[in-house]
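Remarks on the structure that follows.
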Amino acid sequence: MNKVLFFAHLRDSAGVESVEFAASGKTVADLKELISEQFGLQNFDTVMTAINEEFATDDEVIQEGDTIAFIPPVSGG
Amino acid sequence: MNKVLFFAHLRDSAGVESVEFAASGKTVADLKELISEQFGLQNFDTVMTAINEEFATDDEVIQEGDTIAFIPPVSGG
Amino acid sequence: MKFFEIAKDPINTQSVIDKVIQREAGAITTFIGTVRELTHGKKTLYLVYEAYEPMAVKKLAQIGTEIEERWPGSKVAITHRVGKLDITDIAVVIAVSTPHRADAYEANRYAIERIKEIVPIWKKEHWEDGQEWIGNQLETVAYPSGKPEEGDLGE
Amino acid sequence: MKFFEIAKDPINTQSVIDKVIQREAGAITTFIGTVRELTHGKKTLYLVYEAYEPMAVKKLAQIGTEIEERWPGSKVAITHRVGKLDITDIAVVIAVSTPHRADAYEANRYAIERIKEIVPIWKKEHWEDGQEWIGNQLETVAYPSGKPEEGDLGE
């Protein structure tokens with residue numbers, strides 16, 4: 001299983017902070033599509049993804065136990 | 001009479017912090033020449049002059065009571 | 001000493017500055033980001049900052065490494081606050097020391113621009129008539145391809 | 001409040017920063033000039049700064065006015081220390097607040113460059129084998145004509 005984390009407006013839209021999801025073997029792009037459908041999330045094309053706290057590209061393949069975070073455009077500073 | 005102030009290496013060379021000097025009616029250039037001769041001061045061409053705490057050009061004429069300061073290249077900061 | 005931190009309590013600017021003091025440095029610059037009352041003429045009541053904390057600390061440290069490689073002899077410390085912040089409260093303090101002053105300005109500015117690109121921290125603005133998570137403050141689409149650029153990927 | 005000061009005692013950075021806090025500001029930059037141990041490979045033991053104090057205060061204030069005219073909405077405070085300073089001691093603190101961050105960096109940098117041009121403060125470096133009044137740190141002849149340029153003349 002994989003832990004999937006939501007932040008900022010994605011968390012508000014999803015209504016949860018995190019979910020457990022079987023994502024092992026899927027690419028980041030696959031997971032994005034599944035998650036955006038399941039939670040009805042919009043604007044996923046500007047959302048970045050992190051695997052185990054490092055940015056990942058859409059073609060990266062998720063491993064068992066990886067923590068996935070969806071990172072909306074950041075606004076710190 | 002006029003008060004004439006020396007700073008940094010000029011003060012070390014002149015051996016005094018200030019002198020009283022009758023400079024009224026003279027230009028800054030005149031005063032520079034007189035002072036550099038009297039105190040044996042070198043490198044007066046990079047020295048700026050202030051009259052009453054404002055920079056003055058060499059052709060400015062000194063008035064009675066003005067305070068004159070010779071300002072070597074500054075090195076604050 | 002922790003040079004890169006996410007803080008829940010008010011930031012003490014001096015303590016961030018103290019981390020970068022070095023005998024080889026002639027210049028220290030700090031950037032202090034404060035909560036401004038007006039943005040595009042709209043009155044902010046307060047902000048809430050949220051971070052993906054472990055990743056945010058890693059990315060702040062990455063920015064520090066980038067700076068220390070690019071400006072030799074530099075030293076960097078960054079603390080970013082999360083939670084509710086009122087007008088004039090400090091959101092972030094960046095301190096950079098370098099041997100020469102030009103580098104201290106450039107390296108510090110690099111840090112704040114990178115924070116706005118790669119550090120997972122978000123702010124929610126609260127106005128009298130509503131609230132909103134603020135997107136990309138660079139006012140460009142930072143990732144038009146939907147993925148970070150090569151240089152933004154980890155260490 | 002005195003925004004432009006020559007100080008005989010150690011400078012409290014925070015107190016300089018506090019002078020420029022404003023609800024309209026989103027950014028505060030500070031420049032802290034410290035005494036560096038090595039310059040061109042030569043080891044400094046300590047420095048002595050001297051100022052033509054009343055004129056120095058006026059010229060610092062002039063720099064503040066120049067900045068507030070050039071970067072609208074900015075606020076500036078500068079304190080420069082005089083006397084004997086040891087390695088890592090603070091010689092000058094410049095704090096600038098502005099609504100937007102780019103201005104805060106640019107205005108602050110402008111301040112330190114102007115200090116090195118027009119403020120009557122001098123430093124004497126003390127090494128193991130001697131001492132010397134330092135001339136023009138810009139490492140150019142600032143006034144080849146022997147007189148300040150038009151823009152440098154006070155009001």
Side-chain angles (χ1 to χ4, degrees), chain A residues 2-19 21 23 26-37 39-63 65-77, chain C residues 6 31-34 47-63 78 80-82 91-94 111-125 131-155:
Chain A
N2 299 86
K3 195 166 194 178
V4 178
L5 308 174
F6 300 102
F7 293 97
H9 73 82
L10 286 182
R11 192 196 49 219
D12 290 355
S13 303
V16 291
E17 281 191 32
S18 68
V19 290
F21 202 93
K26 294 185 170 59
T27 64
V28 164
D30 291 341
L31 180 64
K32 273 187 166 179
E33 206 179 315
L34 287 165
I35 290 282
S36 74
E37 274 171 25
F39 290 93
L41 301 175
Q42 308 291 320
N43 297 328
F44 242 60
D45 35 325
T46 60
V47 170
M48 294 179 275
T49 308
I51 300 179
N52 302 328
E53 302 165 9
E54 287 297 348
F55 287 113
T57 49
D58 273 0
D59 55 6
E60 220 158 304
V61 176
I62 295 159
Q63 308 296 313
D66 282 350
T67 296
I68 315 302
F70 291 118
I71 314 274
V74 303
S75 52
Chain C
I6 299 296
F31 175 85
I32 302 166
T34 55
L47 299 180
V48 175
Y49 278 94
E50 167 184 311
Y52 178 18
E53 187 169 332
M55 182 169 169
V57 170
K58 272 192 192 174
K59 292 288 129 186
L60 291 176
Q62 177 187 327
I63 293 169
I78 307 174
H80 200 299
R81 193 172 163 200
V82 291
V92 62
V93 174
I94 303 167
I112 185 68
E113 300 301 334
R114 287 295 272 161
I115 286 172
K116 290 173 184 290
E117 281 172 7
I118 65 162
V119 180
I121 298 175
W122 302 269
K123 75 172 167 192
K124 193 174 197 171
E125 292 212 6
Q131 57 195 55
E132 195 181 353
W133 285 106
I134 303 303
N136 166 10
Q137 283 184 295
L138 295 173
E139 285 167 12
T140 59
V141 179
Y143 300 101
S145 61
K147 55 182 198 278
E149 307 302 317
E150 211 38 52
D152 295 338
L153 301 173
E155 42 264 74

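Note: hydrogens, waters and symmetry copies are ignored here, and every other heavy atom, side chains too, is used. Proteins come first, then strands; the chains are lettered A, B, ... in the order of their sequence lines, and each starts at number 1.
For the atom pair OG of A/S75 and CD1 of C/I115, the computed distance is 12.5 Å after rounding to the nearest 0.5 Å. In this structure, the separation between CD on C/Q62 and CD on A/E54 is 6.5 Å, given to the nearest 0.5 Å. Note that the CG atom of A/L5 and the OH atom of C/Y52 stand 5.0 Å from one another [nearest 0.5 Å]. Between the CD1 atom of A/I71 and the CD1 atom of C/I121 there is a distance of 11.0 Å, given to the nearest 0.5 Å.
C/E50 approaches A/A8 most closely through the heavy-atom pair OE2-N, 3.0 Å.
Residue C/W122 touches chain A through both its backbone and its side chain, counting heavy-atom pairs closer than 4.5 Å. For C/A56, no part lies under 4.5 angstrom from a heavy atom of chain A. Only the side chain of C/I112 comes within contact range of chain A, judged by heavy atoms closer than 4.5 Å.
Between A/N52 and C/M55, every side-chain heavy-atom pair lies at or beyond the 4.5 Å cut-off. Proximity of C/K59 to A/V74: side-chain heavy atoms (C-beta onward) are nowhere separated by under 4.5 Å.
No donor-acceptor distance shorter than 3.5 angstrom exists from the side chain of C/H80 to the backbone of A/G76, with no hydrogens or angles considered.
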Dump the intermediate steps for side chain to side chain contact (heavy atoms under 4.5 Å, CB included) on A/H9 and C/K124, then the final yes or no.
CA-CA 9 Å; A/H9 73 82; C/K124 193 174 197 171; over 6 Å; no
